[in-house]
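Scope of the values below: all heavy atoms of this structure, side chains included, with no hydrogens, waters or symmetry mates. Atoms within each ligand, like the ligands themselves, are counted from 1 in listed order. Index from 1, following the sequence.
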Amino acid sequence: MAGVPSVAYPRIHLMCGIVGYVGDKSTIDVLLGGLRRLEYRGYDSAGVAVIDSEGHLSTRKHAGKLQVLVDDLANTPIPQGATGIGHTRWATHGGPTDENAHPHLGDDGKLALIHNGIIENFQELKATLLRDHPETEFTSETDTEVAAHMVGYAYRATKNLTAAMREVVSKLHGAFTLLAVHSDQPGVVVGARRNSPLVIGLGDGENFLGSDVAAFVEHTRRALAIGQDQIVTITPTEVVVTDFGGNTVPTEEFEVTWDASAAEKGGWSSFMAKEITEQPEAIANTLLGRVVDGKVNLPELAALDETLGKIDRLIILGCGTASYAGMVGKYAIERWARIPVEVDLSHEFRYREPVLDDRTLVVSISQSGETMDTLMAVKYATAAGAKTLSICNTQGATIARESDAVIYTHAGPEVAVASTKALVAQVTAIYLLGLHLASIRGTLSAEEIRTQLEDLQEAPDKLRTVLEQHDEIRELAHWMSDTRSVLFLGRHVGFPVALEGALKLKELAYIHAEGFAAGELKHGPIALIEPGQPVFVVVPSPRGTDSMHPKIVSNIQEIRARGARVLAIAEVGDAAVLPFADQVFAIPPSSTFIEPLLAFVPLQIFAMELAAAKGLDVDQPRNLAKSVTVE
Ligand code: M6R
C-alpha cells in the first residue's frame, strides 16, 4: 500500500496484569494486593512465584478468578520470602487452565517467568529449544513457557538474570512484558517490555513492578515510566533500566496522583456502583486548575503551541466508550472552534489509509492509555507526520508517552470493566480542548468561553441530582430483567449517549441493544418497533437553540404509535414528553453540551442494575477485559 506508513502491529496479545516485588513486606500480600487491583486486566487465571529466605522458589497458580488462588494460598500457604512475581491472565492463546496459568518455570524449576503479550515466533523458538535441549519438558500450551525455558538456559550460561533476559528478548518477535525471578538470585526481579505496559514503583528499601500504577499505589506514589524495548532490574535498593543492548537509559520519575483507597471497593456492592457515584468528582477533578479567570488553562499543551495555531482538521480516535466521548467532542469542537472534526474508531482509522499531514491534529482518547488499537493508530499518525494529543486517565501509560502532548483526565482509577467515570472525565477534557481551540482561533468571545466553563463547573452538582434517581432506575431494571432487546435513540449529542447506553447494556447484561440516531428511524430501524419494545429516548432540552426537541418528540410519537414502551431521559418538567413516555428520568436544565454528561448516568445505572438483577458480575463481564490490548 503506497504511502501508508508501516507500523509493526502485534497480531494477538494477551491482556494480563503483572506485578513484581522485592522488599521486606509480606511478598505474598503485596503480590495478591497488586493482582487484586490489576484483576480488571484479565480474570481467567492467576498465579504467583516467591523465593523464600532459604532460596527456594515456590509457585502456585490456578484457573479461575483471583479468589481461587487467594483461597488456596490461605488454606495451604507457600513459604514467605522477599522476592516475588504475580500474574492475572486473560487468555487468548492456550485455554484458561491451571497448566496454562502463569508463572511458567525454567532451569529445572529454579526460574519463574510471567508474561503479558504474545511471542509470535514461539513455534520456531520451541523447535530450536527442543533441538538444542531435547530434554526440555513442556507442561502447557503457552508461548510463555518457551520464553521461561529460554531464559532458564541463558541463565545457566550467564549466571546473571538480567544478562539472560537480554539474550532472550532479542530473539522474541511480538509484544511482551516479561518478569522473571531465579532462586539463585533472591532479591532480584528482572523485567522487559516491548509494546506492552510496565511501570516501576519506587519504595524505601523495596521496589515494585506493575502493568500499571494500580499494582503498587497502595505502597508508593513514586513511579518511573519505562520506554519500549527496555529491561529493568530491581533489587530492594536499586533500579537499573537499560535498552535491549544493555546501555543505561534515562528514566522519567512521576508522582502517582491516585489515592490507594480510590482503587478499593469500600462498602460498595461493585466497583461499577462506586465509580458511577464518583462521576461528579471525576468532572470536578478534571477541571481542577484548568479554569482560571474564566479561561482555559492547559499548560500541558505547550508542546503543541505552534501546531494548534495552524491546524485545519482534527481527527479523534478511540474505541468503545472512549469513541463516544470523541463523538460528543466533535459536536462541541466544531460548534465552538469552527474546525472540521472526524471521529474514527482507532482500528478502522489505521487501515483506511487516512490522509494526514502536519496541519492535522490527531486526538486519541483512552482511559487505560494502553488500548492496542489506539496505541497503534497514534503511532501510525505520528509516522504519517501528524501531531498527536492524547486524553488518558492512567499516568505513565504508553499512549500518553507516545503522544506529543497529553491531557490527563483525573477520574482516579477505574476498575470496573465498564467505563463510567472515565467517560465523563474524557468529555470534560475534550470540552476544555474545544474551548482552548476556540480561544486560539477567536471563534468564541471571552464571554462565551466563560459561560461554557461556568456551565461545566456546575455539571458535578447537576450530576449529583441525577444520581439521586438510582432507586427508581433500579426498580425499572429489576422489572425489565427478562427483556431480550432494548433500543436507544438520540439526536446530536444525544446520539453518542444512545450508542453508549446500548453498549453498556450489551457488555453488562448480555442483552441485545442498539443505539440509533433518531433521524435514521424512518430509514429502517423503525421496522423493529413492535408492541412492548422498550426504547430509551434521549431528549434534549425544550429550551435548546438546536431545535432538536420538537424533532425528537415527533420520533417519540412515531414509535409510541407502533406500540413502543418509551423510557425518556428528559429535562425535568418537560411537558411535551410526559404524555408519551411510559417513564421519565429527569435531568436538571442544562446547556446542550452539559446534557450528555448527565444523560449517560441513568443509562449506566440501568445497565448495571439489570445485570445485577440477572445475577451477573457487573465488574467483570464475560469475555471482556478492561485493558484491550488485542488487535
Ligand atoms: O482504555 P480505553 O479507554 O482505551 O478503552 C476503550 C474501550 O475498550 C472501553 O471504553 C470499552 O468500550 C468499555 N468496556 C466500555 O464500557
Side-chain angles (χ1 to χ4, degrees), residues 13 15 17 38 40-43 90 196-197 211-214 270-273 275-276 279 282 286 316-329 343-350 363-378 390-400 402-403 406-409 411-427 429-430 488 496-497 499-510 513 515 600-601 603-608 611 616-631:
H13 199 266
M15 306 190 279
L38 293 177
Y40 65 83
R41 301 181 75 94
Y43 33 85
W90 188 90
S196 186
S211 295
D212 66 47
V213 296
S270 64
F271 277 106
M272 188 179 176
E275 288 160 8
I276 284 175
Q279 294 185 100
T286 301
I316 304 179
L317 301 175
C319 299
T321 293
S323 74
Y324 303 146
M327 284 176 73
V328 175
V343 183
D344 219 339
L345 294 165
S346 311
H347 34 92
E348 288 295 317
F349 168 82
R350 180 166 180 249
V363 181
S364 64
I365 305 181
S366 175
Q367 186 286 131
S368 61
E370 301 292 348
T371 297
M372 183 59 77
D373 286 314
T374 304
L375 170 62
M376 299 316 291
V378 169
S390 58
I391 294 177
C392 289
N393 194 44
T394 310
Q395 283 175 285
T398 312
I399 291 172
E402 292 285 338
S403 306
V406 53
I407 302 176
Y408 279 112
T409 49
E414 192 179 66
V415 177
V417 164
S419 192
T420 53
K421 62 176 179 172
L423 167 63
V424 293
Q426 286 160 352
V427 171
I430 205 148
F488 296 77
V497 176
L499 294 173
E500 170 66 1
L503 174 60
K504 283 287 160 288
L505 202 55
K506 281 184 265 209
E507 74 175 326
L508 290 167
Y510 319 150
F600 285 131
V601 179
L603 301 181
Q604 297 165 345
I605 297 174
F606 176 75
M608 177 182 72
L616 300 172
D617 182 340
V618 299
D619 284 338
Q620 297 180 339
R622 72 183 177 202
N623 306 338
L624 291 170
K626 181 78 179 155
S627 206
V628 182
T629 43
V630 175
E631 182 182 6

| field | For Gln367, the ligand 1 atoms whose distance to one of its heavy atoms is below 4.0 Å | value | 1 (O), 2 (P), 3 (O), 4 (O)
| request: Provide the number and element of each atom of ligand 1 under 4.0 Å from a heavy atom of Ala322. | output: 3 (O), 10 (O)
| query | Out of Ile365, Thr409, Leu317, Thr371, who gets a non-hydrogen atom closest to atom 5 (O) of ligand 1? | reply | Thr371
| Between Ile316 and Ile365, what is the shortest heavy-atom contact and its length? | CG2-CD1, 3.7 Å
| task | Please determine, by modelled atom types, if Asp212 and Thr394 share a side-chain donor-acceptor pair under 3.5 angstrom. | result | no
| said: Working to the nearest 0.5 angstrom, can you tell me the gap between Met376 CE and His347 NE2? | reply: 14.5 Å
| said: If I apply the N/O under 3.5 Å rule, does Lys504 come out as touching ligand 1? | reply: yes
| task | Select the closest option to atom 1 (O) of ligand 1 among Ser368, Ser390, Gly320, judged by heavy-atom distance. | result | Ser368
| query | Relative to the heavy atoms of Ser366, which atoms of ligand 1 are at a distance of less than 4.0 Å? | reply | 1 (O), 2 (P), 3 (O), 4 (O)
| request: Say whether Glu370 and ligand 1 are in contact under the criterion: heavy-atom distance to a ligand atom below 4.0 Å. | output: no
| field | Residues which pass side-chain hydrogen bond (donor to acceptor under 3.5 Å, both in side chains) with Thr321, listed by chain and number, not counting sequence neighbours | value | Glu500, Lys504
| field | Atoms in ligand 1 with a heavy atom of Ser419 nearer than 4.0 Å | value | 15 (C), 16 (O)
| If only atom types and distance count, is the side chain of Asp619 paired as donor or acceptor with the main-chain N or O of Ala416 below 3.5 Å? | no
| field | Pair Ser419, Gln367: side-chain N/O donor-acceptor within cut-off below 3.5 Å | value | no
| query | Are any of the heavy atoms in Val417 under 4.0 Å away from ligand 1? | reply | yes
| request: Determine whether Thr374 and Cys319 make a side-chain contact, defined as any pair of heavy atoms from C-beta on separated by less than 4.5 Å. | output: yes
